[in-house]
Student: 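My structure is below; once you've seen it, I'll send some questions.
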Amino acid sequence: MKINENTKDKYAFFREYHDARYIESHDKSASVVAEENKKKYTLRNDIGKEIIKYHIDGGMVDDNNVNKCDYGIYTEDELLILVELKGRDYQHAVKQILSTTKLLGITKGSNKVRKLLARVVLSKGANVPNLRTKDLTELKNLLASFSGNIFPKSQSLEETLSRIQ
């Protein structure tokens with residue numbers, strides 16, 4: 001990611017999180033895939049943007065006693081997608097993503113990202129319950145403040161960058 005010093009506030013997230021120990025890829029690949037235990041999230045890079053894939057759980061955040069999501073995908077347009085690849089516990093996935101936003105300092109009014117999305121991929125056959133929890137409400141409000149949303153899906157989720165920008 002080319003950073004011009006004249007754009008001080010631009011790329012604030014990347015400026016803070018740029019350690020090669022937890023960056024799995026940083027390029028203009030046609031797609032970025034986050035996958036584990038037969039659950040898969042794919043972001044198709046149909047517009048040739050520079051994208052960074054962060055390994056959050058066990059990478060950026062290496063504390064087993066802290067809730068955190070699995071991956072973060074950041075684009076040169078300052079879009080951040082937090083991805084949790086989960087078994088069946090959607091409520092816990094929500095807690096992990098919400099906790100990750102706090103750990104990374106992404107709060108209302110923060111200039112670290114322009115747009116924030118949350119994606120949860122559950123095990124095959126898992127149903128997304130109709131949750132009405134404090135955590136889900138808090139997460140939805142935070143995402144909305146960044147023009148984002150949360151989207152859960154079972155087993156596999158594929159999105160195209162040009163459609164979610």
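Just so you know, these numbers use all the heavy atoms, side chains as well, and skip hydrogens, waters and symmetry mates.
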Student: Test N149 against every option in L139, L117, L143, I164 by the side chain to side chain contact (heavy atoms under 4.5 Å, CB included) rule and name the one that passes.
Tutor: L117

Student: L122 and V120: which non-hydrogen atoms are nearest, and at how many Å?
Tutor: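 So the two residues come closest at CD2-CG1, 3.8 Å.
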
Student: Is there a path of hydrophobic side-chain contacts, each under 4.5 Å between heavy atoms of I/L/V/M/F/W/Y residues, joining V83 to V33?
Tutor: no

Student: I'd like to check L116 versus L82 (side-chain heavy atoms, cut-off strictly below 4.5 Å). Are they in contact?
Tutor: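 Yes, their side chains come closer than 4.5 Å.
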
Student: Can a donor-acceptor pair be found, under 3.5 Å and without considering hydrogens, that links the side chain of E84 to the backbone of D70?
Tutor: yes

Student: Excluding sequence neighbours, so at least two apart, what forms ring pair (Phe, Tyr, Trp, His ring centres under 6.0 Å) with F146?
Tutor: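 Result, ring pair (Phe, Tyr, Trp, His ring centres under 6.0 Å) vs F146: none returned.
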
Student: Can you name the residues that form a side chain to side chain donor-acceptor pair (under 3.5 Å) with D27, not counting sequence neighbours?
Tutor: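 Testing D27 for side chain to side chain donor-acceptor pair (under 3.5 Å), a comparison that skips the adjacent residues, returns S29.
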
Student: Strictly by salt bridge (Lys or Arg N to Asp or Glu O under 4.0 Å), give each pair with a member in residues 109-120 just once, sequence neighbours left out.
Tutor: E16-K112, R119-E159

Student: Please report the closest heavy-atom contact between D46 and L161, naming both atoms and the distance.
Tutor: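 Closest heavy-atom pair between D46 and L161: OD1-N, 3.6 Å.
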
Student: So if you build clusters from Ile, Leu, Val, Met, Phe, Trp, Tyr with side-chain heavy-atom gaps below 4.5 Å, do I23 and M60 land together?
Tutor: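 Same cluster.
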
Student: Quick check for you: to the nearest 0.5 Å, what is the distance between E35 atom CD and L85 atom CG?
Tutor: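 If I round to the nearest 0.5 Å, the distance is 8.5 Å.
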
Student: Between S162 and I47, which heavy-atom pair has the shortest distance, and what is it?
Tutor: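 So the two residues come closest at CB-CG2, 3.8 Å.
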
Student: My understanding is that only residues two or more places apart in sequence, or in another chain, count here; which of them pass side chain to side chain donor-acceptor pair (under 3.5 Å) with T42?
Tutor: none

Student: Hey, could you give me the OH/CG distance between Y74 and L80, rounded to the nearest 0.5 Å?
Tutor: 8.0 Å

Student: Mind checking whether I56 and Y71 have side chains closer than 4.5 Å, heavy atoms only?
Tutor: no

Student: Give a yes or no on whether a salt bridge exists between K28 and E50, defined as a side-chain N under 4.0 angstrom from a carboxylate O.
Tutor: no

Student: Test of understanding: clusters of I, L, V, M, F, W, Y form through side-chain heavy atoms closer than 4.5 Å, transitively. Do L136 and I106 belong to the same one?
Tutor: yes

Student: Has D19 got a side-chain atom pairing as donor or acceptor with Y22's backbone, closer than 3.5 angstrom?
Tutor: no

Student: Can you tell me how far the CD1 atom of I81 sits from the OG1 atom of T75, to the nearest 0.5 Å?
Tutor: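 Reported value, rounded in 0.5 Å steps: 7.5 Å.
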
Student: If only side-chain N and O atoms count, and only distance matters, is there a donor-acceptor pair under 3.5 Å linking Q165 with D77?
Tutor: yes

Student: Please give me the minimum heavy-atom distance between S145 and L142, naming the atom from each residue.
Tutor: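 Reported closest heavy-atom pair: OG-O, 2.6 Å.
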
Student: How are the rings of Y54 and Y17 set relative to one another: parallel (under 30°), tilted (30 to 60°) or perpendicular (over 60°)?
Tutor: perpendicular

Student: Taking the side chain as every heavy atom from C-beta outward, state whether E78 and F13 have any atom pair closer than 4.5 Å.
Tutor: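 In short, these two side chains do not touch, never coming nearer than 4.5 Å.
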
Student: Can you give me every donor-acceptor pair (side chain of residues 92-105, partner residue at least two apart or in another chain, under 3.5 Å) with its distance?
Tutor:
residue : atom : partner : partner atom : Å
H92     : ND1  : K86     : NZ           : 3.0
H92     : ND1  : Q96     : OE1          : 3.1
H92     : NE2  : N67     : OD1          : 3.2
Q96     : OE1  : K86     : NZ           : 2.9
Q96     : NE2  : K68     : O            : 3.0
S99     : OG   : N67     : O            : 2.6
T100    : OG1  : C69     : N            : 2.7
T100    : OG1  : Q96     : O            : 2.7
T101    : OG1  : L98     : O            : 2.6
K102    : NZ   : E138    : OE2          : 3.1

Student: Please enumerate all residues that pass side chain to side chain donor-acceptor pair (under 3.5 Å) together with T137, with sequence neighbours excluded.
Tutor: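 Listed in chain order: nothing, the list is empty.
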
Student: Can you tell if the side chain of S123 reaches within under 4.5 Å of the side chain of K38, non-hydrogen atoms only?
Tutor: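 Sidechains of K38 and S123: no contact.
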
Student: Can you tell me how far apart OG (S25) and NZ (K53) are? Round to the nearest 0.5 Å.
Tutor: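 The OG atom of S25 sits 6.0 Å away from the NZ atom of K53.
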
